[in-house]
Protein chains: 2
Amino acid sequence: MPRVAGQIDLSKTEAILDAAVDVMAERGPQAPMEEIARRAGVSKQTIYNHYGSKAELARAMAERRAHQVVETLAAPGAVERPEEALAAYARVLLNSVVNVRSMAIYRMAMAATATMPEVARAIYEAGPRASRRSLADFLRVENAAGRLSCPDPLQAAEFFGGMVLGRYQTAALLGAQIELTDDEVEAVAQEAAARFMRAYAV
Amino acid sequence: MPRVAGQIDLSKTEAILDAAVDVMAERGPQAPMEEIARRAGVSKQTIYNHYGSKAELARAMAERRAHQVVETLAAPGAVERPEEALAAYARVLLNSVVNVRSMAIYRMAMAATATMPEVARAIYEAGPRASRRSLADFLRVENAAGRLSCPDPLQAAEFFGGMVLGRYQTAALLGAQIELTDDEVEAVAQEAAARFMRAYAV
DNA sequence: TCAAAAATGGACTGACGGGTCCAAGATCGA
DNA sequence: TCGATCTTGGACCCGTCAGTCCATTTTTGA
């Protein structure tokens, strides 16, 4: 008995996850299950049939998001100058992380750290950490090819991620400025890439 | 009727704030007022006499912390090579931000974003933003003196803060690795300072 | 010394929300 | 077609907490 007739028929679990993210973006981590159900056009019981508890639901939300972001980052990546590749990475990172939905998930995960530490940790590994690791792989290759001088690629990747996200992630998590124009994204991406290249020039 | 006899006699408000931070570090943002009162050796009513609500208490916690950190960062700062000054800044930043207490306050502020946005925003301005601004002041001077080439000091300051904290802050907020040995702090501080110098060399 | 102000503790209310139950539909697979 | 399975809605139980009340004690300051 779908409430919204003209909608694409997402599998129910997707709909629930989407609703959970949206509701938490609006009401914070303690958003009631009842409202998530309503938003998903589904009964509360159905959610409990799919995910046994709110904690399970939370974990599922976060994992899905992490995979989405990491996949996007691991996009084709045609052979280009390292500076281009870095700028591209930065662009994607900013666009996928600095927005209401990602923030909602981060906040939820962080609030949960005290009560369900394994979940929060898993999110860190599957999200930011995995994404930096894949950047580190790229840097390792560039280093071997002599296009960069980068003895500790993982650290360099973490530095780059920090430069790009640092300010915006903190601000967004604290509710100051969560919108970023394309121009801003572009400017930050290019500047960060350029500075990084100088810092790690051969 | 102090419960702990041999203790230094902190003013009651300080004791409450300390207790609030500790309890939230253990139980998360939704820690009950009753436990905070118990920990502070004070009655619940007394807390409500000092701070009218939990939100007020939260704001007071965060503001005190922000001021502590920012003051520490704005320490004397003898005239030194810019690289030394940057490394010193990084050291202090890591030590004051990457620890259970600061994390507890961040998590609380973030969880509160949905329900009390002004508070969260104020924390951003008084904390990370203010701290970067003071670093930017330093960079501006170095730029004028021709020791760095840094046309946008605030952006550079944000980049530096991101490099230093990026990984550790995210990991700590998500409950992975909140301890950092002195050696690690030192290594990260020096590497970040050195890379930054290259990135912004004249 | 003593009254005013602050603190105590412990009982209490009221809201909220996680999670369960269940009887009545709706869907689906063979 | 028909039973098995899933969904629905809505009542319901129960624990948890913010915030209040109040009668009593403690602290303070003049």
Side-chain angles (χ1 to χ4, degrees), chain A residues 1-5 7 9-61 104 107-109 111-112 114-116 119, chain B residues 1-5 7-62 104 107-109 111-112 114-116 119:
Chain A
M1 189 193 279
R3 292 297 169 73
V4 182
Q7 190 128 4
D9 184 276
L10 297 168
S11 91
K12 225 154 241 171
T13 65
E14 291 291 301
I16 293 172
L17 258 22
D18 287 345
V21 173
D22 286 353
V23 173
M24 288 202 189
E26 287 167 23
R27 312 235 337 211
Q30 44 6 317
M33 291 296 262
E34 200 156 359
E35 182 158 344
I36 296 173
R38 202 181 316 130
R39 191 78 61 102
V42 136
S43 83
K44 194 162 53 143
Q45 185 63 52
T46 299
I47 299 189
Y48 281 98
N49 290 347
H50 286 250
Y51 309 95
S53 68
K54 200 176 185 180
E56 267 324 299
L57 175 60
R59 154 180 268 136
M61 283 168 62
R107 288 194 200 107
M108 181 207 71
T115 51
M116 19 192 288
V119 176
Chain B
M1 189 195 278
R3 290 297 167 74
V4 183
Q7 189 127 6
I8 281 102
D9 184 280
L10 297 168
S11 91
K12 223 153 245 173
T13 66
E14 291 290 301
I16 293 172
L17 258 22
D18 287 345
V21 174
D22 286 353
V23 173
M24 288 202 188
E26 287 166 24
R27 312 235 336 210
Q30 46 5 319
M33 291 297 262
E34 199 156 0
E35 183 158 343
I36 296 174
R38 202 181 316 131
R39 190 77 62 101
V42 134
S43 83
K44 192 160 56 142
Q45 185 62 54
T46 300
I47 299 188
Y48 280 98
N49 290 345
H50 285 250
Y51 308 94
S53 68
K54 200 176 184 182
E56 266 325 298
L57 175 60
R59 155 181 267 138
M61 284 168 62
R107 288 195 200 107
M108 180 206 72
T115 52
M116 19 191 289
V119 176

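Within every chain, numbering begins at 1; the chains are lettered A, B, ... in the order of the sequence lines, protein sequences first and strands thereafter. FYI, side chains are in, hydrogens and waters are out, and symmetry mates aren't considered; it's all heavy atoms of this structure.
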- Item | Selection from C:dG9, C:dG19, D:dT20 that lies nearest to any side-chain heavy atom of B:Y48 | D:dT20
- Message: In this structure, how many angstroms lie between the P atom of C:dG17 and the CZ atom of A:R38, rounded?
- Response: 11 Å
- Message: Rounding to an integer number of Å, can you tell me how far A:K54 NZ sits from C:dC16 P?
- Response: 14 Å
- Task: Determine whether A:M61 and A:M24 make a side-chain contact, defined as any pair of heavy atoms from C-beta on separated by less than 4.5 Å.
- Result: yes
- Spacing between A:M33 atom CE and C:dT20 atom P, to the nearest angstrom: 10 Å
- Message: Taking only side-chain N and O atoms of A:R27, does any of them lie within less than 4.0 angstrom of OP1 or OP2 on C:dG17?
- Response: yes
- Nearest-Å distance for atom pair OH/C1', residues B:Y51 and D:dT20: 20 Å
- Check the pair B:Q30, A:T115 against side-chain contact (heavy atoms from CB on, under 4.5 Å), reporting the backbone distance first and the verdict last. CA-CA 10 Å; B:Q30 46 5 319; A:T115 51; 4.0 Å; yes
- Query: If only side-chain N and O atoms of B:T46 are considered, is one of them under 4.0 Å from the OP1 or OP2 phosphate oxygen of C:dT8?
  - Reply: yes
- Query: Is there a donor and acceptor pair closer than 3.5 Å between the side chain of A:K44 and the base of C:dG19?
  - Reply: yes
- Separation of D:dT27 C1' from B:N49 CG (nearest whole Å): 14 Å
- Task: Please state whether the base of C:dC21 and the side chain of A:Q45 form at least one donor-acceptor pair under 3.5 Å?
- Result: yes
- Task: With side-chain contact (heavy atoms from CB on, under 4.5 Å) as the test, would you mind laying out the steps for B:M33 and B:L57 before giving the verdict?
- Result: CA-CA 10 Å; B:M33 291 297 262; B:L57 175 60; 4.0 Å; yes
- Query: Rounded to the nearest Å, what distance is computed from the CD atom of residue B:E34 to the P atom of nucleotide D:dT20?
  - Reply: 15 Å
- Message: From CD1 of A:I16 over to C1' of D:dC6, roughly how many Å is that when rounded to an integer?
- Response: 12 Å
- Message: On a heavy-atom basis, which atom in B:Y51 and which in B:A60 lie closest, and how many Å separate them?
- Response: CE2-CB, 3.6 Å
- Note on the structure: Side-chain atoms of B:P32 come closest, of C:dG9, D:dA18, D:dG19, to D:dA18
- Message: Measure CD1/A:I36 against C1'/C:dG18 and give the value in whole Å, please.
- Response: 11 Å
- Message: Mind checking if A:A37 touches a base, just sugar-phosphate, or nothing, with heavy atoms under 4.0 Å?
- Response: nothing
- Message: OP1 or OP2 of C:dA6 versus the side-chain N and O atoms of B:H50: is any pair under 4.0 Å?
- Response: no
- Query: With a 4.0 Å cut-off, would you call A:E34 and A:R38 a salt bridge?
  - Reply: no
